[in-house]
**Student:** 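So that we are looking at the same thing, I have put the structure below in structure tokens.
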Amino acid sequence: MDSVEIARFLTGMTLAVHIIFATIGVGMPLMFAIAEFLGIKKNDPSYTALAKRWSKGYTITVAVGVVTGTIIGLQLSLLWPTFMQMGGHVIALPLFMETFAFFFEAIFLSIYLYTWNRFKGKWTHVILSIPVIIGGSFSALFITSVNSFMNTPAGFQVKDGRMVNVEPWAAMFNASFLVRSFHVVATALMTMAFILAAVAAFKLLKNKVSKDAEYHKKALKITMILGLVFTLGSMLAGDLSAKFLHKVQPEKLAAYEWHFDTGSKADLVFFGTLNEHTQQVTGAIKIPGLLSFLADDNINTKVKGLNDFPKADLPPLIVHYFFDLMVSLGVFCFIISAAYVATLIFKKLRRFMHAKPMLYGILLTGPAAMLAIEFGWFLTEMGRQPWIVRGYLKVKEAATQAGGLTFVTIMFGLLYIVLMVTSAYVLIRMFKNKPAYKDIAAVSNERGEQ
């Protein structure tokens with residue numbers, strides 16, 4: 001591989017690892033805030049114990065997220081020097097604000113963790129979770145702003161290969177910022193809900209501590225309801241994203257669906273194989289008119305095809321598979337969560353609520369949702385190719401020409417393996433042989449003392 005390919009691989013590997021911890025960073029604070037709220041509202045120590053245990057585990061993922069996030073910042077300068085030289089000053093504001101948002105979150109997370117039962121007012125501690133939620137969410141929004149700028153650059157003029165007359169706010173709140181931010185936050189919340197639901201399902205299937213069963217059932221109920229709500233939000237975000245791409249990045253939408261010829265009543269294509277020479281798709285499931293409908297709520301909408309764009313400016317057509325996998329996994333999560341919520345609504349279905357097939361389905365939603373996140377980021381990053389800043393700077397022009405990247409990539413790969421294995425080990429050890437019923441009893445005792 002040449003230096004450009006190695007730089008892309010190393011950046012992609014770093015993002016693939018970081019997005020796991022970034023997703024948890026956005027989604028988890030709201031989860032333990034809701035659990036604590038329910039604990040007070042229902043006067044149920046089980047929910048308060050949930051909040052305590054979830055927030056305790058969250059500290060590990062935050063620590064690892066700091067490491068991987070810092071590495072991304074360094075790699076922007078080391079692997080993509082031309083990009084930073086050309087436009088680093090344009091995206092400086094959201095990068096700085098992202099760091100500020102993280103520190104804001106970290107400060108209030110520390111206060112939240114160390115002030116349980118320190119206040120006379122029972123709602124005071126819940127209120128402390130709000131800055132943590134804001135910090136985590138805004139951290140994601142600011143970094144998404146940088147990524148959005150790369151897709152829809154704005155707020156500058158180009159002179160002698162430099163971006164000048166910079167308007168930082170226009171650059172930060174570029175055309176794709178709102179729709180992409182909505183998508184990022186909604187999918188992060190959805191994924192976090194299903195990860196926690198998968199943990200609860202695993203505990204119920206394993207059932208080593210019978211006293212914890214009700215605790216895990218309550219965890220399952222709250223996370224699956226939230227999972228369904230956030231999945232619907234993610235679907236709405238996906239619909240808005242498709243409409244945005246149709247108007248602003250039509251070549252990206254066409255690549256997603258292997259749509260070559262401009263026309264109305266465009267088909268939505270699921271999977272299949274493509275002969276790029278003949279532009280023939282075989283073995284695919286085609287839904288007539290659905291791509292046009294997604295583009296503009298009308299099956300007669302004309303969707304631009306790949307043949308209308310210069311071949312040198314088209315993304316790799318493998319993005320089609322990432323799109324299909326992302327959508328398929330999202331639909332799977334929707335079906336499982338809808339089925340579970342149906343057992344809550346209809347009495348005749350209650351016997352299936354904690355049946356093994358249901359629990360195994362829920363167990364799969366955790367990895368499915370996280371994989372959907374990963375495929376979604378591969379999709380959006382590869383879909384921007386060959387540009388690093390769309391319309392202004394190509395990836396091959398932005399990458400470093402320095403040698404020794406192969407060794408650096410291997411070392412970072414080993415680092416990520418160590419981080420992933422270590423964080424998983426610590427999280428397992430943190431709760432191993434520490435049944436929830438003891439934490440519930442401790443919460444009950446604390447309330448009695450108060």
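All values below come from the heavy atoms of this structure, side chains included, with hydrogens, waters and symmetry mates left out. All values reported here derive from a predicted model rather than from experimental measurement.
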**Student:** Between E397 and I388, is any pair of side-chain heavy atoms under 4.5 Å apart?
**Tutor:** no
**Student:** Among pairs that include at least one residue of residues 249-304, which meet ring pair (Phe, Tyr, Trp, His ring centres under 6.0 Å), considering only residues two or more places apart or in two chains?
**Tutor:** Y256-F323, W258-H320, W258-Y321
**Student:** Mind checking what makes side chain to side chain contact (heavy atoms under 4.5 Å, CB included) contact with A16, not counting sequence neighbours?
**Tutor:**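 Testing A16 for side chain to side chain contact (heavy atoms under 4.5 Å, CB included), a comparison that skips the adjacent residues, returns E374, F378.
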**Student:** For the pair S328 (side chain) and L325 (backbone), establish whether a donor and an acceptor sit closer than 3.5 Å, ignoring hydrogens and angles.
**Tutor:** no
**Student:** Any carboxylate oxygen within less than 4.0 angstrom of a Lys/Arg side-chain nitrogen, looking at K394 and D313?
**Tutor:** yes
**Student:** Quick one: closest heavy-atom pair of G27 and L189, and the distance?
**Tutor:** CA-CD2, 3.8 Å
**Student:** Let's go through F142 and M172 carefully: what are the C-alpha distance in whole Å and the side-chain angles of both, what is the deciding distance for side-chain contact (heavy atoms from CB on, under 4.5 Å) to 0.1 Å, and is it a yes or a no?
**Tutor:** CA-CA 8 Å; F142 289 128; M172 189 162 72; 4.0 Å; yes
**Student:** A101 and S139: which non-hydrogen atoms are nearest, and at how many Å?
**Tutor:** CB-N, 3.6 Å
**Student:** Check this for me: I285, atom CD1, are more than 12 non-hydrogen atoms of other residues, nucleotides or ligands nearer than 6.0 Å?
**Tutor:**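 12 or below, so no.
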**Student:** Would you say F412 and I71 make side-chain contact, with heavy atoms under 4.5 Å?
**Tutor:**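 The answer is yes, as the side chains (C-beta and beyond) meet within the 4.5 Å cut-off.
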**Student:** For a quick check under 3.5 Å, do T14 and Q75 share a side-chain donor-acceptor pair by atom type?
**Tutor:**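 Note: T14 and Q75 side chains meet the donor-acceptor criterion.
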**Student:** Using modelled atom types and a 3.5 Å cut-off, is there a donor and acceptor pairing between side-chain atoms of S137 and backbone atoms of I134?
**Tutor:** no
**Student:** Between N275 and T273, is there a side-chain donor-acceptor contact under 3.5 Å, judged purely by atom types and distance?
**Tutor:** no
**Student:** Kindly say whether T343 contributes a backbone atom to a donor-acceptor pair with the side chain of R350 at under 3.5 angstrom?
**Tutor:**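 Indeed, once roles are kept as given, a pair shorter than 3.5 Å links the two residues.
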**Student:** State, yes or no, whether a side-chain contact exists between T152 and F244 at a heavy-atom distance under 4.5 Å.
**Tutor:**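 A side-chain contact under 4.5 Å exists here.
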**Student:** Measuring from atom CG of L253 to atom CG of L291, what distance do you get when rounded to the nearest 0.5 angstrom?
**Tutor:** 5.0 Å
**Student:** Where do I336 and F194 land on the side-chain contact (heavy atoms from CB on, under 4.5 Å) test, with the steps shown first?
**Tutor:** CA-CA 10 Å; I336 297 298; F194 286 126; over 6 Å; no
**Student:** If we only count heavy atoms from C-beta on, is the L405 to L79 side-chain gap below 4.5 Å?
**Tutor:**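 Yes, side chains in contact.
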**Student:** With side chains defined as the heavy atoms from C-beta onward, is the minimum distance between W80 and V395 less than 4.5 Å?
**Tutor:** yes
**Student:** Supply the atom-to-atom distance L240 CG to L294 CG, rounded to the nearest 0.5 angstrom.
**Tutor:** 11.5 Å
**Student:** Relative to each other, are the rings of F177 and F173 parallel, tilted or perpendicular (30° and 60° limits)?
**Tutor:**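 Perpendicular: the ring planes of F177 and F173 meet at over 60°.
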**Student:** Could you tell me whether the side chains of T262 and D308 share a donor-acceptor contact shorter than 3.5 Å?
**Tutor:** yes
**Student:** Whether the side chain of H216 engages the backbone of L205 through a donor-acceptor N/O pair (distance < 3.5 Å, no angle test) should be reported.
**Tutor:** no
**Student:** Hey, what do you get for CG (L314) to CG (L306), rounding to the nearest 0.5 Å?
**Tutor:**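 So the gap between those two atoms works out to 5.5 Å.
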**Student:** Give a yes or no answer on whether the side chain of S292 reaches the backbone of A266 with a donor-acceptor pair at less than 3.5 Å.
**Tutor:** yes
**Student:** Taking atom CZ of F202 as the centre, report whether more than 12 heavy atoms of other residues, nucleotides or ligands fall under 6.0 Å from it.
**Tutor:** no
**Student:** Among pairs that include at least one residue of residues 180-201, which meet side chain to side chain donor-acceptor pair (under 3.5 Å), considering only residues two or more places apart or in two chains?
**Tutor:**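 Matches after skipping sequence neighbours: N147-R180, S148-R180, R180-T380, H183-S241.
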**Student:** Please round to the nearest 0.5 Å and tell me the distance separating atom CD1 of I24 and atom CD1 of I19.
**Tutor:**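 Those atoms lie 10.5 Å apart.
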**Student:** Run the salt-bridge test on K217 and E214 with the 4.0 Å N-O cut-off and return the result as yes or no.
**Tutor:**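 A salt bridge links K217 with E214.
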**Student:** Are the side chains of F182 and L236 in contact, using a 4.5 Å heavy-atom criterion?
**Tutor:** yes
**Student:** Between F32 and Y112, does the ring centroid distance fall short of 6.0 Å?
**Tutor:**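 Ring-ring flag for F32/Y112: true, centres closer than 6.0 Å.
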**Student:** Report, as yes or no, whether the 6.0 Å neighbourhood of atom NZ on K243 holds more than 12 heavy atoms from other residues, nucleotides or ligands.
**Tutor:**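 Atom NZ in K243 is packed in, count exceeds 12.
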**Student:** Hey, does M192 have a side-chain heavy atom less than 4.5 Å from the side chain of T23?
**Tutor:**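 Answer no - side chains too far apart.
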**Student:** Please walk me through it: do M420 and F21 pass side-chain contact (heavy atoms from CB on, under 4.5 Å)?
**Tutor:** CA-CA 10 Å; M420 296 287 283; F21 299 97; 3.7 Å; yes
**Student:** Return yes if some donor-acceptor pair links the side-chain N/O of T11 with the main-chain N/O of R8 below 3.5 Å, else return no.
**Tutor:**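 Judged by distance alone, no pair lies under 3.5 Å.
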**Student:** Ignoring hydrogens, what is the shortest heavy-atom contact between A312 and P386? Give both atom names and the distance.
**Tutor:** O-CG, 3.3 Å
**Student:** Rounded to the nearest 0.5 Å, how far does CD1 of I34 lie from CG of L50?
**Tutor:** 12.0 Å
**Student:** Ignoring hydrogens, what is the shortest heavy-atom contact between S46 and Y215? Give both atom names and the distance.
**Tutor:**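 Minimum heavy-atom separation between S46 and Y215: O-CE1, 3.7 Å.
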**Student:** Using every non-hydrogen atom in the two residues, find where W54 and M31 come nearest and quote the distance to one decimal.
**Tutor:** CZ3-O, 3.5 Å
**Student:** If I take atom OG1 from residue T61 and atom CE from residue M28, how far apart are they, to the nearest 0.5 angstrom?
**Tutor:**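 If I round to the nearest 0.5 Å, the distance is 6.5 Å.
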**Student:** Considering only heavy atoms from C-beta outward, does the side chain of E36 approach that of Y47 to under 4.5 Å?
**Tutor:** no
**Student:** Does E257 form a side-chain contact (heavy atoms from CB on, under 4.5 Å) with V269? I'd like the steps, not just the answer.
**Tutor:** CA-CA 6 Å; E257 288 302 316; V269 179; 3.8 Å; yes
**Student:** Any idea which heavy atoms bring E105 and V132 closest together, and the distance?
**Tutor:** CG-O, 3.7 Å
